**Student:** 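The structure's right below; bear with me while I get my questions together.
Source: prediction; values computed, not measured. Quick note on labels: first sequence line is chain A, next is B, and so on, each numbered from 1.
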2 protein chains.
Amino acid sequence: MNAPALTKNQALVFEVLEKADGPLSAYTILDKLRDHGFRAPLQVYRALEKLLEYGVVHRLESINAFVACAHPDQNCHSHGIVAFAICESCGHVMEFHDHEVDHRLMNWTRGKKFKAEKTTIEIRGLCETCAA
Amino acid sequence: MNAPALTKNQALVFEVLEKADGPLSAYTILDKLRDHGFRAPLQVYRALEKLLEYGVVHRLESINAFVACAHPDQNCHSHGIVAFAICESCGHVMEFHDHEVDHRLMNWTRGKKFKAEKTTIEIRGLCETCAA
DNA sequence: ATCGCACACGTTATAGCATAACGCAATTGA
DNA sequence: TCAATTGCGTTATGCTATAACGTGTGCGAT
Ligand SMILES: [Zn+2]
Ligand SMILES: [Zn+2]
Ligand SMILES: [Zn+2]
Ligand SMILES: [Zn+2]
């Protein structure tokens, strides 16, 4: 999905996520935008819905949070599954993909005639700094 | 983790999950156990916490639900990451592992010196029956 | 025996995450 | 102009999960 120009709310939410140094919950985003007129969760969720659709934001299912895409330029999402490593101590997220993993999972689903729509890979643990 | 004898509440929750033909939310489990004296969410969550610890139940992060382990005998979880394919139409879940996927992800984390604690792989889509 | 501890349990309250449903305004394209 | 689409704001509600407190029971150490 290519991203059209963002609306005001979408741009505000995206900006907050870009500036953050880690994933944010929808309600945290809401709090950061109260000064800009945001009053209700739906304003955030509606913007997030579009940003996810455009592929510029990812949702981390295992921690109910959202993060700006780390690969804004290359549209790597069009050719593979995105995986995340999430540090449970400092909150930092690393985004990557591995075509071999994609391939293996696709092989499995094909064998089962399962039609995959959306795949989540999230590794929780400790980043190098926090594990030391 | 090896499973000691289950307490009454743990056994009740586990039985509900075993009999279900798909994942259940904690609150759905609660409703199914009201006749057995369950009154509050914590009774379910506390039992689930132990069942997860024992490895006889899995949590599906992407849909906030719980499912009985499909491989009760082989303790396959001790030697690999568990992956799930979840049908978004009928709710059926298939549980599997792929050592090559584990290997690739472990390679990546080792390269980044990331200490993985818990990895989630969930494929949402349509099962063979529902996709037809 | 009884003390101390660990653990399961029950209850109430609260926190955190997400969506339904209504109505209005601006845009677009037939 | 009219209809359809999209974004927006508001209120209310629903779903998911945990905090905090207290009770009872079993069991080993003293
Ligand atoms: Zn990305
Ligand atoms: Zn860290
Ligand atoms: Zn299992
Ligand atoms: Zn199905």
**Student:** Rounded to the nearest angstrom, tell me the gap between atom CD in B/Gln43 and atom C1' in C/dA8.
**Tutor:**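 So the CD-C1' distance, B/Gln43 to C/dA8, works out to 11 Å.
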**Student:** For the pair made of CG in A/Leu48 and C1' in C/dC17, what is the distance, rounded to whole Å?
**Tutor:**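 Those two atoms, CG and C1', are 12 Å apart.
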**Student:** Taking the six-membered ring where the residue is Trp, are the ring centres of B/Phe66 and B/His58 under 6.0 Å apart?
**Tutor:**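 No: the rings miss the under 6.0 Å criterion.
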**Student:** Can you measure B/Gln10 atom CD to C/dC7 atom P for me and round it to whole angstrom units?
**Tutor:**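 Taking CD of B/Gln10 and P of C/dC7, I get 12 Å after rounding.
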**Student:** Pairs in or reaching into residues 112-132 of chain A: which pass ring pair (Phe, Tyr, Trp, His ring centres under 6.0 Å), with residues at least two apart or in two chains?
**Tutor:**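 Found none.
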**Student:** So what does B/Arg46 hit on the nucleic acid, given a heavy-atom distance under 4.0 Å: a base, only sugar-phosphate, or nothing?
**Tutor:**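 Contact class for B/Arg46: base.
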**Student:** Between B/Arg46 and B/Glu49, does any side-chain N to carboxylate O distance fall below 4.0 Å?
**Tutor:**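 Here B/Arg46 does not pair with B/Glu49 in a salt bridge, since their nearest N and O are not under 4.0 Å apart.
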**Student:** Rounded off to whole Å, could you give me the OH-to-C1' distance for the B/Tyr45 and C/dG16 pair?
**Tutor:**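 B/Tyr45 atom OH is separated from C/dG16 atom C1' by 11 Å.
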**Student:** Are B/Glu122 and B/Arg124 close enough for a salt bridge, meaning some N to O gap below 4.0 Å?
**Tutor:**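 Answer for the salt bridge query: no.
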**Student:** If the cut-off is 4.0 Å, is B/Asn64 near the phosphate of C/dC17, judged by side-chain N/O to OP1 or OP2?
**Tutor:**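 Answer no for this pair, as no side-chain N or O of B/Asn64 is under 4.0 Å from OP1 or OP2.
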**Student:** B/Lys32 and side chain to side chain contact (heavy atoms under 4.5 Å, CB included): which single residue from B/Leu30, B/Thr28, B/Ile29 fits?
**Tutor:**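 For B/Lys32, the side chain to side chain contact (heavy atoms under 4.5 Å, CB included) check succeeds only for B/Thr28.
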**Student:** Give the first and the last nucleotide of DNA chain D, reading 5' to 3', that has any atom under 4.0 Å from a heavy atom of chain A.
**Tutor:**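 Answer, 5' to 3': D/dG7 to D/dT11.
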**Student:** Is there a side-chain polar atom (N or O) of B/Lys50 under 4.0 Å from OP1 or OP2 of C/dA8?
**Tutor:**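 Looking at the OP1 and OP2 atoms of C/dA8, one of them is under 4.0 Å from a side-chain N or O of B/Lys50.
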**Student:** Within this structure, what is the CG-to-P distance between A/Asn9 and C/dA26, rounded to whole angstrom?
**Tutor:**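 Taking CG of A/Asn9 and P of C/dA26, I get 15 Å after rounding.
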**Student:** Quick one: does B/Thr109's side chain have a donor or acceptor within less than 3.5 Å of a partner on B/Leu105's backbone?
**Tutor:**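 Flag set: sc B/Thr109 to bb B/Leu105 pair under 3.5 Å.
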